[in-house]
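Down below is the structure, laid out as structure tokens.
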Amino acid sequence: MTRDELCIKRDEALGAFGLSEKALSCTPYGNGHINDTFLAVCKCGKRYILQRINHHIFTKPQEIMENICAVTSFIRKKAIADGGDAERCTLSVVKTRSGESFYEDSIGSFWRLYDFTEGTVAKERVSNLKEFCDCAFAFGNFQAQLAEFDASSLHEAIKDFHNTPVRFANLLRAIEADPLGRVATVRPEIEFALAREEFTKTLEIAHAEGRLPLRVTHNDTKLNNILFDANTDLPVCVIDLDTIMPGYSVNDFGDSIRFGANTAAEDETDLSKVSLDLDLYHAYAEGFLRGCNGSLTDSEIELLPIGAIMMTLECGLRFLTDYIEGDTYFRISRPSHNLDRCRTQFALVADMEKKLEEMRIK
Ligand code: ADP
Ligand code: GN1
Ligand code: MG
């Protein structure tokens, strides 16, 4: 779709929602890799987040929206009962004029609208330990809040999303197909991945042996999926709820570490800058365990460091697979973007492997 076509569809979609007045502007927003996100502003100043759901990835947008509506109303009810901030405690879905939670446009793209959560900011990096610890509390608390949510009512947003052995098998398939002849250029990265095939099975084995329960988890616990209060810097709510489904607590922990406790950005090209910041790591662990409020078992706590390595390795496998397949999944803004991202993830895995003993939670 060209930029112009996207604008036309975006305006068609905006018109489908019951806004009290026409939006004055609607411009690209945020740093997500998957959906197209826009900020829509009305004359009165009211703001909305409009998103085109990536339906190549989320193949059943209706099910995603059912999950989101169910989870957000559950969280909102809980917040009201606890005397919390009903407006800002979770995302608030704006319905279409015909009462649906999403709009399908004339070419089969799917759109949804959220109220903009005012007075908040999303962050790509934290500036101190406390901020990261607060963020950990928010993600841990999110999991604890949903402990009583009926997991069987949730649709599986993306099959095998954090099944690392399946991600490993996908990489092998991509290497075999090698559609763009890129395999020859990424031999060291492939060797790095192949050497860790056995490791990829660790969490699946722990689950099969009864040491790692399935819980309702977020599954995409990147720092920029938390909104912070612009004045107090405290977390206000957890967003990007597309991937909520049964999963492992240690993966929610691990994905936050992967992104937020790395001393470099996810797409840094100078790999000497990449390392695990152990102070951030332990600050996060402390906040996460407090947020989970005693719900994690001893064996889950023991597996937290493995979750951090697993999510980092898995993300590296996914970036490498996408690079080999021709960048069809993650949004890129330069030709080697996915390869650069893969390299930072693998460099971080290597550093975590060295620091494993220091990552143990006592
Ligand atoms: P993606 O799945 O592509 O990562 P997100 O749902 O995380 O998309 O949204 C992308 C960005 O848009 C977020 O990181 C955040 O900055 C912003 N955002 C999303 N929803 C809201 C909201 N309700 N209020 C304010 N900002 C939001
Ligand atoms: C994607 O949507 P976003 O940017 O929050 C991806 C995550 C990856 C992450 C890597 C649905 O997250 O799984 O960990 O990029 N989301 C999906 O930055 O695949
Ligand atoms: Mg996001």
Side-chain angles (χ1 to χ4, degrees), residues 1-69 71-72 87-88 90-124 155 157-158 220 222 224-227 230 236-244 267 322 326-334 337-338:
M1 191 189 284
T2 65
R3 189 178 282 259
D4 285 350
E5 284 165 340
L6 181 62
C7 289
I8 292 169
K9 292 297 147 200
R10 180 201 65 194
D11 293 344
E12 175 191 329
L14 262 185
F17 291 91
L19 304 191
S20 49
E21 58 178 13
K22 203 170 176 291
L24 280 184
S25 66
C26 189
T27 45
Y29 193 76
N31 286 312
H33 294 345
I34 305 294
N35 297 312
D36 292 311
T37 302
F38 301 89
L39 172 66
V41 186
C42 294
K43 199 172 163 200
C44 62
K46 169 92 180 137
R47 304 196 288 174
Y48 297 92
I49 290 284
L50 176 71
Q51 285 184 320
R52 185 167 72 133
I53 304 170
N54 185 327
H55 67 277
H56 302 291
I57 292 173
F58 297 106
T59 51
K60 293 180 181 159
Q62 180 167 355
E63 293 191 354
I64 298 295
M65 292 313 295
E66 277 172 24
N67 282 355
I68 291 176
C69 289
V71 165
T72 52
E87 253 178 49
R88 303 201 310 171
T90 189
L91 288 169
S92 153
V93 176
V94 180
K95 296 281 171 70
T96 64
R97 291 180 195 281
S98 54
E100 307 290 336
S101 58
F102 65 92
Y103 171 69
E104 182 176 357
D105 71 19
S106 51
I107 58 163
S109 288
F110 295 84
W111 299 81
R112 67 175 165 223
L113 193 72
Y114 293 125
D115 284 325
F116 188 94
T117 310
E118 290 298 343
T120 63
V121 287
K123 301 181 184 215
E124 295 303 313
H155 304 285
I158 298 178
D220 190 2
K222 270 193 340 197
N224 62 12
N225 288 331
I226 286 213
L227 297 178
V236 169
C237 62
V238 170
I239 59 165
D240 203 345
L241 306 178
D242 293 323
T243 49
I244 287 180
D267 58 356
D322 199 29
D327 309 305
T328 58
Y329 188 98
F330 295 103
R331 177 178 299 122
I332 55 166
S333 47
R334 55 179 187 261
H337 213 158
N338 275 319

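Since we're looking at a predicted model, the values are computed, not measured.
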Can you name the closest pair of heavy atoms from [X] and [Y] and give their distance?
X: L19; Y: C42; answer: CD1-SG, 4.3 Å
X: L50; Y: L14; answer: CD2-CG, 4.0 Å
X: A16; Y: Y103; answer: CB-CD1, 3.4 Å
X: T72; Y: T90; answer: CG2-OG1, 3.3 Å
X: L91; Y: D240; answer: CD1-N, 4.1 Å
X: R88; Y: C237; answer: O-CB, 3.3 Å

In terms of heavy-atom contacts, does [atom1] of [X] have more than 12 from other residues, nucleotides or ligands at under 6.0 Å?
X: E104; atom1: CD; value: yes
X: K60; atom1: NZ; value: no
X: R3; atom1: CZ; value: no
X: E5; atom1: CD; value: yes

To the nearest 0.5 Å, tell me how far [X] [atom1] sits from [Y] [atom2].
X: Q51; Y: L113; atom1: CD; atom2: CG; value: 9.5 Å
X: S333; Y: H33; atom1: OG; atom2: NE2; value: 9.0 Å
X: I68; Y: I53; atom1: CD1; atom2: CD1; value: 7.0 Å
X: K95; Y: M65; atom1: NZ; atom2: CE; value: 9.0 Å
X: F38; Y: L6; atom1: CZ; atom2: CG; value: 4.0 Å

(Q) Here's a test for you: under ring pair (Phe, Tyr, Trp, His ring centres under 6.0 Å), which of F110, Y114, F17 qualifies with F102? (A)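 Option passing the ring pair (Phe, Tyr, Trp, His ring centres under 6.0 Å) with F102: F110.
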Between the side chain of [X] and the main-chain N/O of [Y], is any donor-acceptor distance below 3.5 Å?
X: N67; Y: H155; result: yes
X: D322; Y: N338; result: no
X: R331; Y: N35; result: yes

Close side-chain approach of [X] to [Y], heavy-atom, < 4.5 Å:
X: I64; Y: R112; value: yes
X: K9; Y: S106; value: yes
X: R52; Y: R10; value: no

With a cut-off of 3.5 Å and sequence neighbours excluded, list every side-chain donor-acceptor pair involving residues 21-32.
| from | atom 1 | to | atom 2 | distance (Å) |
| --- | --- | --- | --- | --- |
| E21 | OE2 | K43 | N | 3.0 |
| E21 | OE2 | C44 | N | 2.5 |
| N31 | ND2 | E124 | OE2 | 3.2 |

Q. Are H337 and D327 linked by a side-chain donor-acceptor pair shorter than 3.5 Å?
A.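 No - no donor-acceptor pair under 3.5 Å links their side chains.
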Q | Donor-acceptor side-chain pairing of N54 and D242 below 3.5 angstrom | A | no
Q: With salt bridge (charged side-chain N to carboxylate O under 4.0 Å, His left out) as the test, would you mind laying out the steps for D115 and K46 before giving the verdict?
A: CA-CA 9 Å; D115 284 325; K46 169 92 180 137; 2.9 Å; yes
